Amino acid sequence: MRTIVFDLDGTLADTAGDLLAAANAALIRLGHPPQLEMGRDDATAFAGGRAMLRLAAERLGIADREGLADAGYQALLDAYGADIDTHTALYPGTVEAVDRLRAAGHATGICTNKPEGLAVTLIARLELTDRFPVLIGADTLPTRKPDPAPLLETIARLGGAPDNAVLIGDTITDRKTAAAAGIPCVLVTFGPTGRAVADLSPEALLDHYDQLDAVLDQLLG
């Protein structure tokens with residue numbers, strides 16, 4: 001049995017619009033004007049809530065970027081939880097690809113740095129819950145990606161083994177996580193940075209989910 005673990009944001013679904021909206025809502029709550037824009041700042045959105053707030057602090061000319069990130073993070077989470085799927089959409093071919101894997105007897109799970117509760121809510125809204133029986137979020141374990149423990153725990157809970165597993169992601173965090181766990185990493189090229197993810201030297205690139213089966217055959221035999 002192959003074990004295929006997916007990142008969530010920027011890998012299964014384009015969540016940037018709702019993440020950026022939540023960051024702007026947090027800024028407004030702190031008394032600042034919105035600073036982040038869909039399209040322009042999508043890559044930062046996929047780097048996480050604190051990354052968005054640090055970027056906003058830079059644009060506002062606030063020297064204490066971590067201070068703003070600390071002050072606004074919970075407000076960002078609250079805003080995101082209240083409006084989690086207005087702009088979010090699955091990438092083309094996602095559902096079909098996962099269904100093919102599961103029909104072939106392979107295990108599929110999610111390992112994300114989104115807080116577990118928010119991730120569970122989002123995959124339910126996207127009607128993916130039955131396709132991913134295991135989900136490890138940022139706060140499920142004491143550590144988060146790029147520590148390998150969440151990825152290895154996802155594989156273990158799926159009943160798989162690292163020597164027949166792959167992580168599919170979109171950022172340097174996923175690349176580092178897979179390397180630390182000693183498993184191959186596939187990075188998608190349909191995110192905001194496009195094929196620039198090739199510079200991270202993953203074991204494979206994925207241009208569309210229609211190609212996933214062939215990529216997995218190449219990596220796992």
Side-chain angles (χ1 to χ4, degrees), residues 4-27 33-60 65 68-69 72-73 76-77 79-80 83-98 110-115 118-119 122-123 125-126 128 137-138 144-146 151 166-179 184-212 215:
I4 315 304
V5 180
F6 295 80
D7 175 52
L8 178 50
D9 299 83
T11 300
L12 290 170
D14 183 352
T15 58
D18 291 312
L19 291 167
L20 292 166
N24 282 331
L27 292 171
Q35 297 294 313
L36 304 168
E37 301 175 14
M38 288 180 61
R40 177 188 183 191
D41 299 316
D42 290 7
T44 303
F46 294 146
R50 293 182 183 277
M52 290 187 287
L53 293 171
R54 285 193 292 266
L55 176 59
E58 178 182 349
R59 290 178 178 167
L60 289 164
R65 298 176 188 175
L68 180 69
Y73 187 64
L76 185 157
L77 293 180
Y80 185 61
D83 197 7
I84 200 169
D85 64 343
T86 298
H87 304 289
T88 291
L90 294 170
Y91 288 111
T94 299
V95 170
E96 294 83 358
V98 174
I110 291 175
C111 183
T112 175
N113 274 350
K114 186 190 290 296
L118 291 173
L122 181 58
I123 67 164
R125 296 279 185 88
L126 295 173
L128 294 176
R144 57 191 285 175
K145 298 185 297 184
L151 173 57
V166 169
L167 174 63
I168 301 175
D170 67 303
T171 66
I172 190 170
T173 299
D174 297 308
R175 180 71 187 99
K176 289 181 175 180
T177 304
C185 180
V186 178
L187 294 180
V188 303
T189 65
F190 36 79
T193 57
R195 293 188 67 83
V197 293
D199 295 340
L200 302 176
S201 301
E203 280 70 29
L205 299 173
L206 185 67
D207 296 323
H208 191 285
Y209 273 112
D210 288 350
Q211 303 166 356
L212 181 57
V215 168

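All values below were derived from every heavy atom in this structure, side-chain atoms included, with hydrogens, water molecules and symmetry-related copies excluded. Note that this is a predicted model, so its numbers are computed, not measured.
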S.K.: Let me confirm one number: the CD-CG distance from Glu37 to Leu20, rounded to the nearest 0.5 Å.
M.R.: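 Going from CD on Glu37 over to CG on Leu20, the span is 9.5 Å.
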S.K.: Got a second to check how far Ile168's CD1 is from Phe6's CZ, nearest 0.5 Å?
M.R.: 4.0 Å
S.K.: Is there side-chain contact between Cys111 and Val5, with heavy atoms separated by less than 4.5 Å?
M.R.: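 The answer is yes, as the side chains (C-beta and beyond) meet within the 4.5 Å cut-off.
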S.K.: Looking just at side-chain N and O atoms, do Thr44 and Asp41 make a donor-acceptor pair shorter than 3.5 Å?
M.R.: no
S.K.: What distance do Leu187 atom CG and Thr193 atom OG1 have between them, rounded to the nearest 0.5 Å?
M.R.: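 That separation rounds to 8.5 Å.
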S.K.: How far apart are the closest heavy atoms of Asp9 and Tyr80, and which atoms are they?
M.R.: OD2-OH, 4.2 Å
S.K.: Measuring only between side-chain heavy atoms, which start at C-beta, is Leu27 closer than 4.5 Å to Leu53?
M.R.: yes
S.K.: Rounded to the nearest 0.5 Å, what separates atom CD1 in Ile123 from atom CZ in Arg125?
M.R.: 12.5 Å
S.K.: Which atom names give the shortest non-hydrogen contact between Ala97 and Leu212, and what distance separates them?
M.R.: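 Between these two residues, the closest heavy atoms are CB-CD2, 4.1 Å.
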S.K.: State, to 0.1 Å, how close Ala178 and Pro184 come at their nearest heavy-atom pair, and which atoms those are.
M.R.: CB-O, 4.1 Å
S.K.: Test your reading of the model: is there a side-chain donor-acceptor pair from Asp18 to the backbone of Thr86, 3.5 Å cut-off?
M.R.: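 It does hold such a pair.
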S.K.: Any side-chain heavy atom of Phe46 within less than 4.5 Å of one from Asp170?
M.R.: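 In contact.
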S.K.: Checking the side chain of Arg175 only, and the main-chain atoms of Ser201 only, is there a donor and an acceptor separated by less than 3.5 Å?
M.R.: yes
S.K.: How long is the span from the CG atom in Leu19 to the CE atom in Met38, to the nearest 0.5 Å?
M.R.: 10.5 Å
S.K.: Is the shortest side-chain heavy-atom distance between Leu36 and Arg59 below 4.5 Å?
M.R.: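 A side-chain contact exists here, since the closest heavy-atom pair is under 4.5 Å.
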S.K.: Pair Val197, Val188 - check side chain to side chain contact (heavy atoms under 4.5 Å, CB included), show working.
M.R.: CA-CA 8 Å; Val197 293; Val188 303; over 6 Å; no
S.K.: Ignoring hydrogens, what is the shortest heavy-atom contact between Leu8 and Lys114? Give both atom names and the distance.
M.R.: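 Nearest pair, atom of Leu8 first, then Lys114: CD2-CE, 3.8 Å.
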S.K.: Lys145 and side chain to side chain donor-acceptor pair (under 3.5 Å): which partner among Thr173, Thr171, Asp174, Thr177?
M.R.: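 When Thr173, Thr171, Asp174, Thr177 are each tested with Lys145, the side chain to side chain donor-acceptor pair (under 3.5 Å) holds only for Asp174.
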S.K.: Do Leu77 and Pro115 touch side chain to side chain, with heavy atoms closer than 4.5 Å?
M.R.: yes
S.K.: Just one of Asp42, Ile84, Leu122 clears the side chain to side chain contact (heavy atoms under 4.5 Å, CB included) bar with Thr15, so which one?
M.R.: Leu122
S.K.: Looking at Cys185, is its backbone amide N or carbonyl O close enough to the side chain of Glu203 to form a donor-acceptor pair, meaning the two atoms are under 3.5 Å apart?
M.R.: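 It does hold such a pair.
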S.K.: Do side-chain atoms of Asn24 reach the backbone of Gln35 as a donor and acceptor pair under 3.5 angstrom?
M.R.: yes
S.K.: Any idea which heavy atoms bring Asp210 and His208 closest together, and the distance?
M.R.: N-ND1, 2.9 Å
S.K.: Counting only N and O atoms by type, is there a donor-acceptor contact under 3.5 Å from the side chain of Thr94 to the main-chain atoms of Leu90?
M.R.: no
S.K.: In Å and rounded to the nearest 0.5 Å, what is the CG to CZ distance from Asp207 to Arg195?
M.R.: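 Atom-to-atom, Asp207:CG and Arg195:CZ are 4.5 Å apart.
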S.K.: So Leu12 and Tyr209, do their side chains get closer than 4.5 Å, heavy atoms only?
M.R.: yes
S.K.: For a quick test of reading the model, state the closest non-hydrogen atom pair linking Ala25 to Ala79 and the distance between them.
M.R.: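 Smallest interatomic distance, heavy atoms only, reads CB-CB, 3.8 Å.
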S.K.: Answer whether the closest heavy-atom distance between the side chains of Asp7 and Ile110 falls below 4.5 Å.
M.R.: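 Contact flag for Asp7/Ile110 side chains = no.
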S.K.: With a 4.5 Å cut-off on side-chain heavy atoms, are Leu76 and Met52 touching?
M.R.: yes
